[in-house]
Amino acid sequence: MSTNEASYRDKKVMSIGIVKELTGLSERQIRYYEKRSLLFPERTNTGIRKYSFSDVERLMEIADRIEEGVQTSEIRTELAKKDEERKMKEVKNQMLRGQLNAHFQRKL
């Protein structure tokens, strides 16, 4: 995944109404998942929640896990672990890119 793609997916631009349409979840469910610290939308100066495509994917994953009977506390733990793994992978990829750039810079 490129840097541009990552920023595109993570940009918080959608209202709760759009997220509701995309996910099939109710506004009440979406707010509940936020209250349970499973989701972290940004807020505008006027308090309107804004969501990203990554948030939509996360909501779909949460809904699937809830349907399977998993408790929100367990889901929170799972998501935190996945987030940490994703961050570590990004750091490793950045380090590798830096090493490759340094290697090829020396050859030029």
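Side-chain atoms are counted along with the backbone in the values below, which use heavy atoms only and exclude waters and symmetry mates.
- Proximity of Tyr51 to Val13: side-chain heavy atoms (C-beta onward) are nowhere separated by under 4.5 Å.
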Anything under 3.5 Å between a donor and an acceptor, one on a side chain of residues 15-25, the other on a protein residue two or more places apart or in another chain? List them.
| residue | atom | partner | partner atom | Å |
| --- | --- | --- | --- | --- |
| Thr23 | OG1 | Val19 | O | 2.8 |
| Thr23 | OG1 | Leu25 | N | 3.1 |

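- When the shell of 6.0 Å around CZ of Arg43 is examined, it contains more than 12 heavy atoms from other residues, nucleotides or ligands.
- Here the CG atom belonging to Leu96 is positioned 11.0 Å from the CD atom belonging to Gln94, to the nearest 0.5 angstrom.
- Considering only residues two or more places apart in sequence or on other chains, Arg36 meets the salt bridge (charged side-chain N to carboxylate O under 4.0 Å, His left out) condition with none of them.
- If you take CZ on Arg58 and CD1 on Ile75, they are separated by 10.5 Å, rounding to the nearest 0.5 Å.
- To the nearest 0.5 Å, the span separating CD on Glu34 from CD on Gln29 amounts to 14.0 Å.
- Counting heavy atoms from C-beta outward, Lys11 and Phe53 have side chains that stay 4.5 Å or more apart.
- With sequence neighbours excluded, the residues that form a salt bridge (charged side-chain N to carboxylate O under 4.0 Å, His left out) with Arg86 are Asp83.
- In this structure, Glu90 has no salt bridge (charged side-chain N to carboxylate O under 4.0 Å, His left out) partners at least two apart in sequence or on a different chain.
- Between the CZ atom of Arg49 and the OG1 atom of Thr44 there is a distance of 10.5 Å, given to the nearest 0.5 Å.
- At distances below 3.5 Å, at least one donor-acceptor pair connects side-chain atoms of Asp55 with backbone N or O atoms of Ser52.
- Ser54 and Asp10 share a donor-acceptor pair across their side chains, judged by distance under 3.5 Å alone.
- Atom OH in Tyr33 sits 10.5 Å away from atom CG in Leu39 (nearest 0.5 Å).
- Other residues, nucleotides and ligands contribute at most 12 non-hydrogen atoms within 6.0 Å of the CD atom of Gln71.
- Around CD of Glu67, the count of heavy atoms belonging to other residues, nucleotides or ligands within 6.0 Å does not exceed 12.
- In this structure, the side chains of Asp64 and Val70 stay at 4.5 Å or more apart for every pair of heavy atoms.
- For the atom pair Lys12 NZ and Glu42 CD, the distance stands at 6.0 Å (nearest 0.5 Å).
- Within the structure, salt bridge (Lys or Arg N to Asp or Glu O under 4.0 Å) pairs that include any residue of residues 69-81 comprise Arg65-Glu78 (at least two apart or interchain).
- For the salt bridge (charged side-chain N to carboxylate O under 4.0 Å, His left out) test, no residue two or more places apart in sequence or in another chain qualifies with Lys89.
- Using a 4.5 Å cut-off on side-chain heavy atoms (C-beta onward), Leu38 and Tyr32 make no contact.
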